[in-house]
Amino acid sequence: MGSEDRIFINPTIIRSLNKSKLRKKIVYFLYDIHPHGTYLSELSRRVKSDPSNVLGCLKGMGNRYNGSSSLIELGLVNCDGKEGMKIYQMTTYGKTVVEYLKDYDSADNW
């Protein structure tokens with residue numbers, strides 16, 4: 001991969017993911033099922049967390065989940081509303097960020 005092919009990963013995104021185990025679990029799960037998406041209740045079940053906490057990570061909610069640090073606002077996840085049901089899916093940029101994190105985490109363990 002040449003330097004012109006590299007994608008810039010905003011350090012704020014890495015910091016946001018490293019500060020929240022739940023955000024990290026969500027992006028890792030969505031990465032594992034990419035290119036497919038899933039709905040909130042299934043996502044909550046898979047990451048073993050309450051749907052309101054998962055929604056807070058995805059979209060932001062009140063003081064606990066800052067909207068500017070939400071996975072959708074950071075560009076890692078998108079939400080597609082089909083027939084009244086919202087499906088959450090990893091973006092291409094999100095996939096790149098998770099691959100970077102996985103490489104970083106594995107390098108950290110040597």
Side-chain angles (χ1 to χ4, degrees):
M1 181 188 271
S3 61
E4 65 279 352
D5 296 332
R6 292 196 181 154
I7 295 175
F8 173 75
I9 296 175
N10 186 330
T12 305
I13 292 173
I14 302 303
R15 181 176 180 269
S16 174
L17 292 173
N18 284 331
K19 284 183 69 176
S20 168
K21 287 181 184 177
L22 184 54
R23 277 191 203 113
K24 212 170 193 180
K25 278 179 159 180
I26 292 167
V27 295
Y28 274 50
F29 175 73
L30 291 174
Y31 175 85
D32 288 343
I33 66 168
H34 182 79
H36 304 287
T38 191
Y39 49 96
L40 180 62
S41 59
E42 176 65 15
L43 183 54
S44 298
R45 243 188 320 275
R46 295 304 199 102
V47 298
K48 296 178 173 68
S49 185
D50 185 81
S52 64
N53 288 333
V54 173
L55 191 60
C57 288
L58 290 165
K59 296 178 131 184
M61 182 186 320
N63 294 335
R64 185 162 178 212
Y65 294 104
N66 184 335
S68 63
S69 297
S70 73
L71 298 174
I72 290 173
E73 188 68 29
L74 293 172
L76 305 178
V77 175
N78 65 29
C79 176
D80 188 17
K82 292 182 182 170
E83 300 168 15
M85 188 151 84
K86 293 182 178 181
I87 302 293
Y88 297 93
Q89 182 179 24
M90 172 77 43
T91 63
T92 304
Y93 180 63
K95 190 170 180 274
T96 302
V97 169
V98 171
E99 287 166 356
Y100 171 83
L101 276 175
K102 286 183 173 211
D103 285 348
Y104 181 82
D105 287 349
S106 67
D108 213 21
N109 294 323
W110 54 271

Exercise for the section: For the pair L76 and R23, evaluate side chain to side chain contact (heavy atoms under 4.5 Å, CB included) and give the outcome as yes or no after the intermediate values. Expected result: CA-CA 10 Å; L76 305 178; R23 277 191 203 113; over 6 Å; no

Non-hydrogen atoms of [X] and [Y] that approach each other most closely:
X	Y	answer
N78	T91	N-CG2, 3.8 Å
N10	Y93	N-OH, 3.4 Å
S69	S16	O-OG, 3.6 Å
N53	S49	CB-OG, 3.6 Å

Handout entry: Y31 with Y88, same ILVMFWY side-chain cluster at under 4.5 Å
Key = yes

Problem - Hydrophobic cluster identity match, I87 and Y28, side-chain contacts under 4.5 Å - result: no

Is there a side-chain contact between [X] and [Y], using heavy atoms and a 4.5 Å cut-off?
X	Y	answer
V54	V47	yes
K24	L101	yes
C57	K25	no
L58	C79	no
I14	Y100	yes
D80	Q89	no

Exercise for the section: List in chain and number order the residues that pass side chain to side chain contact (heavy atoms under 4.5 Å, CB included) with T38, two or more places apart in sequence or in another chain; answer none if no residue qualifies. Expected result: F29, L30, I33, E42, L43

Problem - Over 12 non-hydrogen atoms of neighbours within 6.0 angstrom of CZ in R45 - result: yes

Exercise for the section: Please answer whether the main-chain N or O of T92 pairs with a side-chain N or O of T96 as donor and acceptor at a distance below 3.5 Å. Expected result: yes

Handout entry: Interatomic spacing from CD1 in I13 to CG in L17 - rounded to 0.5 Å
Key = 7.5 Å

